[in-house]
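To start, the structure under review is shown below, and the notes come after it.
In what follows, chains are A, B, ... by sequence order, proteins preceding strands, each numbered from 1.
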Amino acid sequence: MTSLLSSLNEMQKEAVLDFNNPLLVLAGAGSGKTRVITSKIAYAIKEMNYSPYRILAVTFTNKAAKEMRERINSMIPDENIAGLEMRTFHSFGAYVLRRYGSKIGLNDSFTIYDDEDSLNLLCNAFPDEKKGDLREYMKQISKAKDKGYNSSSAELNGLAYHMQGFRTYFAAYENALRKSGCVDFADLIIRTTELLEQNDDVREYFQQRFKLILVDEYQDTNASQFKLLKCLVGKDTQLVVVGDDDQSIYKFRGAEIKNILSFEYYYPNTRIIKLEENYRSTKNILRVASSVIKNNKERHDKTIFTNNESGELPELISSIDADEEALKVRMLISRLPNYKSVAILYRTNAQSREFETVLSCFRIPYEVVGALRFYEREEIKDALALFSIILNPHDRISFLRIINKPARGIGKAALEQILSYSDHLIDSLEFAIKDNKLSGKAKSGATAFLDMYKKGCELLNNNCVLKDFAVFMLDSSGLKKLYEDEKDETIRRGRLENLSSLVNALEKIAPGREGLISFLESITLDRTTLGSDDEENEDSVKLMTMHNTKGLEFDTVFVTGLEDGIMPSVREGSEIDDVEEERRLFYVAVTRAKKKLFLTFASKRMLWGSWNSQKPSRFLKEIPKSFYKGEIETANASYTNHFAFEPRRSNITNTPSWAQNIVKTPTKTKSSEVKVVKNVNYEVGDRVISPNYGRGEIISKEIKNGKTVIRVRFEKGNVALFNTMYANLTKVE
DNA sequence: GGTCGACCTGTTTTT
DNA sequence: CAGGTCGACC
Ligand SMILES: Nc1ncnc2c1ncn2[C@@H]1O[C@H](COP(=O)(O)OP(=O)(O)OP(=O)(O)O)[C@@H](O)[C@H]1O
């Protein structure tokens, strides 16, 4: 009994042992909030005889849910915790809607639209408008939905929804979405709430079922999530929320720090528990974090201390540009004993590029966490659309995506005929054929499609193994052939490889309709499902955005790109609130580090295709100089020098000390687009071979922006420019 | 109906 | 820079 409590401090124990009051655990980074949740669940099951089935734990990401479940499993290995409901809000919503959605007119095989699908739906409703404009509307619609509004909410007036006819767009989108029988991300919360509000039996079932509901990262819940939460709390449900107002970083998604304040208001008996000891970081890291976050005006002041050792001083690393930044980071990484607990953090996904290039060049294993665009690739989206339409014949976006891909003669005219029938697109297709509304070519194409649809349905209904189903669909739709006929070798190979990864991923999934539904759901809700799991390498450097580090910790952390404009990402129209949010993000990033922290900054950076001179982040200036090693090397000094005497970097044979081990031969990398940094001196007249273009000769060489650019005329007749740093060329005699 | 090239437009961040 | 979009042409 004590074993579950023995690794907790007094305040944590209080939180674990109180099974009566609503609890608000409010505490700084690394103070053991998540540990309270796992311990409390384990304790409830083991010592209080709670059935796991009667506990709901809400996490911020699916990954966190998985890890926490594993953690609890290892704490109480003798208990079966399969019934424990451990999910994100979105995943919980999907779970409820699958079971009870019919009560609000939702079929159990609805598909979930991601942001791109949503945008396409809006574009489809307003075919004459530009996609760029509609994207702006879509963003606002999503945000409004996250705040819990619909197109007729009075609140829309008071907000920044000044855009022309915002309500009209909003309403049209809502309407199209309903007709499609699909839901978007926000709907997973909103419509679940709606369902619970309208159906006493379902609501009471859940309220009675859950004796204990816990919410992690509470500071980042939004209004609609709070509303859902309130629906789930019955008179015997204990609600425990855990958060840190300094770590609220999802305002752009409607997160409201206010939720922390209103919690007490809604649940008057709330007991607030504060944890003040940080167990994660060294003193030196913690004081850097504190010195920055204290500049936020809107925050609860809180004490945070650590009994950990002082540790090493954090280091500031200045660089000329992003390439040098990456090279320096790599050099520091290779000094470490292993790559197990190292993270490179950045503000925007695009910043991963330089790091990836350098790491793969030096053969340092790395993994980009999140932002895996696997499911956003064209061929994958096509395949998934094909599967979706079998499950949900109302799914307009999927239908439009693949009805004429590959070409079946169903063009604009034919489509107009088909769509005029009803929202059931397959029925419509059938009617259009029967009524002879289609031209010869369109008719035979439509008939073939219909045939495939029926066979596909049959396979699913007969509980067919999904891999076979997928192979059938890809073959008989002609999608596979379409991609096999792709002319560009690299593109073709990539596409076919991706399609076969998709098919392989299906191997692990339960057969039939049910299996397919859950597969599609899991990939929309958790984009990291595939792509990383196959080759998860423990001993690898982790690359991710600062947002993605929520709840994680690493021995060594690099917080990169600390420049105004990037971090904080201030832009026109940014307000003080936005800077405060960025400051919190910085605080989150820094407090991921357990032992060693590096802060990096570059004087110039390629943005929108041109060089930008960068100023050091204002956050760096908020840290007392004595708190870190290294200087903020002011941009201009190295910047001007750099141009005054010709570039040290153009001529990389003149290797800076930090880059001495640069590889001399091209490295084979797994991805074809990964570039190779080389140290080869090219001269006019040299003959070279390129894997892409064949043999050729260098006809000119010039130095631009500190990079050597060579021009090569190939034997095939074409001329190409290469940056010598990255050129994938081999010199021949 | 499909391909190629000229142009334009845009970046935070994620479930 | 890169990705998407639109018009011209086969
Ligand atoms: N009572 C304790 N004694 C020793 N170590 C602890 C204790 N509580 C938590 N820890 C350790 O401290 C670290 C941070 O804990 P945890 O992740 O629970 O904090 P957190 O408050 O959720 O952090 P954050 O808000 O930054 O995500 C973990 O490595 C955890 O194992």
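Cation-pi check for A:Arg583 over A:Phe586 is not met; the charged atom does not lie both under 6.0 angstrom from the ring centroid and within 45 degrees of its normal. Because its NZ or CZ atom is not both nearer than 6.0 Å to the ring centre of A:Tyr483 and within 45° of the ring axis, A:Lys480 does not count as a cation-pi partner of that residue.
For A:Asn349, taking side-chain heavy atoms from C-beta onward, the closest of the listed nucleotides B:dT15, B:dG1, B:dT14 is B:dT14. When the nucleotides B:dT13, B:dG1, B:dT15 are ranked by their closest atom to the side chain of A:Ala407, B:dG1 comes out on top. Counting only heavy atoms from C-beta on, A:Met606 has its side chain closest to C:dC1 among C:dC1, B:dT15, B:dG10. Nearest to the side chain of A:Thr545, among B:dT15, B:dT13, B:dT11, sits B:dT13. Taking only side-chain atoms of A:Ser569, from C-beta outward, the nucleotide of B:dT15, B:dT12, B:dT13 with the closest atom is B:dT12. Proximity note for A:Glu582 (side chain, C-beta onward) versus B:dT12, B:dT15, C:dC1: the nearest is B:dT12.
Put simply, CE on A:Met546 is 11 Å from C1' on B:dT12, counting in whole angstrom units. When rounded to the nearest whole Å, the span between CG of A:Asp187 and C1' of B:dT15 equals 13 Å. With rounding to whole Å, A:Phe586 atom CZ is found 17 Å from B:dT13 atom C1'. In this structure, CD1 of A:Ile249 is placed 9 Å from P of B:dT14, rounded to the nearest angstrom. The CD1 atom of A:Ile523 sits 17 Å away from the C1' atom of B:dT14 (whole-angstrom rounding). The nearest whole Å value for the distance from the CG atom in A:Leu188 to the C1' atom in B:dT14 is 14 Å. Protein atom CD of A:Glu217 is 19 Å distant from nucleotide atom P of B:dT13, rounded to whole Å. With rounding to whole Å, A:Asn404 atom CG is found 11 Å from B:dG2 atom C1'.
Comparing the C1' positions of C:dG4 and B:dT13 gives an interatomic distance of 22 Å, to the nearest angstrom. Atom name C1', nucleotides C:dC6 and B:dT11: the rounded distance is 23 Å, in whole Å.
Between A:Phe449 and A:Phe399, the two ring planes are perpendicular [angle over 60°; tilted spans 30° to 60°]. The aromatic rings of A:Phe206 and A:Phe92 lie perpendicular to each other, with more than 60° between the two planes, well past the 30° mark.
A search for side chain to side chain contact (heavy atoms under 4.5 Å, CB included) contacts involving A:Ser142 returns A:Met138, not counting sequence neighbours.
Remark: A:Arg353 is in phosphate contact with C:dA2, judged by side-chain N or O atoms under 4.0 Å from OP1 or OP2. Not one side-chain nitrogen or oxygen of A:Thr61 sits closer than 4.0 Å to the OP1 or OP2 atom of B:dT14. The side chain of A:Asn548 places an N or O atom within less than 4.0 Å of a non-bridging phosphate oxygen (OP1 or OP2) of B:dT14. Residue A:Asn222 places none of its side-chain N or O atoms closer than 4.0 Å to OP1 or OP2 of B:dT15. Contact check, A:Lys139 against B:dT12: a side-chain N or O comes under 4.0 Å of OP1 or OP2.
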So which protein N/O to nucleotides 5-9 of chain C N/O distances come out below 3.5 Å?
residue: C:dT5; atom: OP1; partner: A:Lys131; partner atom: NZ; Å: 3.4

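Heavy atoms of A:Tyr250 sit under 4.0 angstrom from primed sugar atoms or phosphate atoms, though from no base atom. Residue contacts for A:Lys251: at a heavy-atom cut-off of 4.0 Å it reaches no nucleic acid atom on any strand shown. Note on A:Asp115: a base of the nucleic acid sits closer than 4.0 angstrom, heavy atoms only.
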Exercise for review: Take A:Thr348 and A:Gln351, measure what side-chain hydrogen bond (donor to acceptor under 3.5 Å, both in side chains) needs, and give me the verdict at the end.
Suggested key: CA-CA 6 Å; A:Thr348 66; A:Gln351 287 167 259; 3.0 Å; yes
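Both A:Ala186 and A:Leu607 sit near DNA chain B, but only A:Leu607 has its closest nucleotide nearer the 5' end. Toward the 5′ end of DNA chain B lies the nearest nucleotide of A:Arg408, the other residue of the pair A:Arg408 and A:Arg347 mapping further downstream.
The aromatic ring of A:Phe252 is stacked on the base of B:dT13, with the two ring centres less than 5.5 Å apart and the planes inclined by under 30°.
In this structure, the ring of A:Phe60 has its center no less than 6.0 angstrom from the ring center of A:His547.
Between A:Tyr250 and A:Glu217, the side chains place no donor N or O within less than 3.5 Å of an acceptor N or O (distance only, hydrogens not considered). Using a 3.5 Å distance cut-off with no hydrogens or angles, the side chains of A:Asp146 and A:Ser224 do not pair a donor with an acceptor.
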